[in-house]
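Here's the structure we're looking at; comments come further down.
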Amino acid sequence: MIKIALPKGRIAQEALKIFEGYLQSPLDFEDRKLILKKQDFEFMLVRSQDVPVYVERGAADIGIVGLDVLEEKQSRLVRLLDLEFGKCRVAIGSPKNVILDFSKPNLKIATKMENITKAYFSKKAISVDIIKLYGSIELAPLVGMADAIVDLVETGNTLEQNNLKIDAVIMEVSAYLVANSNSFYVQKKEILEIQKYFKNFIKKD
Ligand code: PRP
């Protein structure tokens with residue numbers, strides 16, 4: 001039995017399509033159900049930020065999760081494959097009408113990605129005051145609570161509609177196939193088979 005944690009939303013849909021090909025069988029979660037069992041597989045739907053937790057603790061053997069979440073959580077997981085979908089960027093953004101001054105003392109940065117933000121600015125020896133938020137990050141500079149944000153940018157629509165611009169890109173993100181290190185040891189053959197199928201699928205795409 002292989003247990004697979006998928007992040008709710010578009011990435012789970014994309015991943016399930018690939019697993020349908022792998023298992024030669026349709027995969028549909030019923031209504032509000034969070035577990036789907038098919039053949040020797042158990043799929044679970046979790047919040048994206050929680051995927052590394054389920055995989056690290058062995059509740060799931062493998063998972064699919066964005067590189068941003070992996071970097072933010074600094075989880076010790078086996079990174080099996082860059083899936084090359086779910087692409088977006090982690091970027092610094094600020095109001096279009098100001099030139100962001102990185103030398104401003106205690107630059108206020110709103111973000112849900114505290115660790116990525118800390119690491120980026122400390123590498124550049126810039127001291128920042130990080131304001132941890134859980135969503136709607138773009139609002140913070142609009143109401144004067146932050147000078148800038150560090151957030152995910154996919155289409156750029158959210159930034160655009162809130163009169164924000166990109167000042168710098170911190171990281172290119174895509175979805176990764178990851179494994180629990182113990183599961184990878186015990187179920188290496190099965191896990192490598194899945195990795196291989198995904199690899200071929202990406203090549204064909
Ligand atoms: C994400 C991200 C941005 C937006 C970027 O937010 O935090 O706000 O999507 O996408 P875009 O560049 O295509 O506009 P999400 O929808 O997850 O909402 P939240 O930040 O409020 O949780």
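All values below come from the heavy atoms of this structure, side chains included, with hydrogens, waters and symmetry mates left out. Order of appearance sets the numbers: ligands from 1, and atoms from 1 within every ligand.
- For atom 7 (O) of ligand 1, a protein heavy-atom neighbour is found at a distance under 4.0 Å.
- With values rounded to the nearest 0.5 angstrom, Glu72 atom CD is found 11.0 Å from Ser48 atom OG.
- Shown in contact with Val153 at under 4.0 Å from a heavy atom are these atoms of ligand 1, numbered in order with element: 12 (O).
- Note that Lys132 lies in the cation-pi zone of Tyr134, set by a 6.0 Å cut-off to the ring centre and a 45° limit from the axis.
- Near Glu138, the atoms of ligand 1 lying under 4.0 angstrom from a non-hydrogen atom of the residue are 3 (C), 8 (O).
- Under the side-chain contact (heavy atoms from CB on, under 4.5 Å) test applied with Leu80, the options Val78, Asp82, Leu83 reduce to a single match, Val78.
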Query raised in the report: Should Asp167 and Lys165 be marked as a salt bridge (charged side-chain N to carboxylate O under 4.0 Å, His left out) after you check the CA-CA gap, both sets of side-chain angles, and the distance that decides it?
Result: CA-CA 6 Å; Asp167 295 288; Lys165 63 176 184 317; 3.3 Å; yes
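- The protein non-hydrogen atom at the shortest distance from atom 5 (C) of ligand 1 is Leu152 O, 3.3 Å.
- Within the structure, ligand 1 has Lys112 among the residues with a heavy atom less than 4.0 angstrom away.
- When heavy-atom distances to ligand 1 are checked against a 4.0 Å cut-off, Thr158 comes that close through both its backbone and its side chain.
- Separation of atoms NZ (Lys112) and CG (Asp68) is listed at 9.0 Å; rounding is to 0.5 Å.
- Those atoms of ligand 1 with a heavy atom of Gly135 less than 4.0 angstrom away are 19 (P), 20 (O), 21 (O), 22 (O).
- Protein heavy atoms come within 4.0 Å of atom 21 (O) of ligand 1.
- Within the listing of ligand 1, atoms 19 (P), 20 (O), 21 (O) sit less than 4.0 angstrom from a heavy atom of Ser136.
- Of the inter-residue distances, the one linking Asp28 atom CG with Glu20 atom CD reads 6.5 Å to the nearest 0.5 angstrom.
- Two rings, from Phe198 and Phe19, have their centers less than 6.0 Å apart.
- The CD1 atom of Ile131 sits 12.0 Å away from atom CD1 of Ile149, with the distance rounded to the nearest 0.5 Å.
- Of all the heavy atoms in Asn162 and Leu142, the pair that sits closest is O-CD2, 3.2 Å.
- Of the candidates Ile166, Thr155, Ile149, Thr155 brings a heavy atom nearest to atom 11 (P) of ligand 1.
- By the 4.0 Å heavy-atom criterion, Ile137 is excluded from the residues contacting ligand 1.
- Residue contact check: Gly156 has heavy atoms under 4.0 Å from atoms 11 (P), 12 (O), 13 (O) of ligand 1.
- For atom 2 (C) of ligand 1, the nearest protein heavy atom lies under 4.0 Å away.
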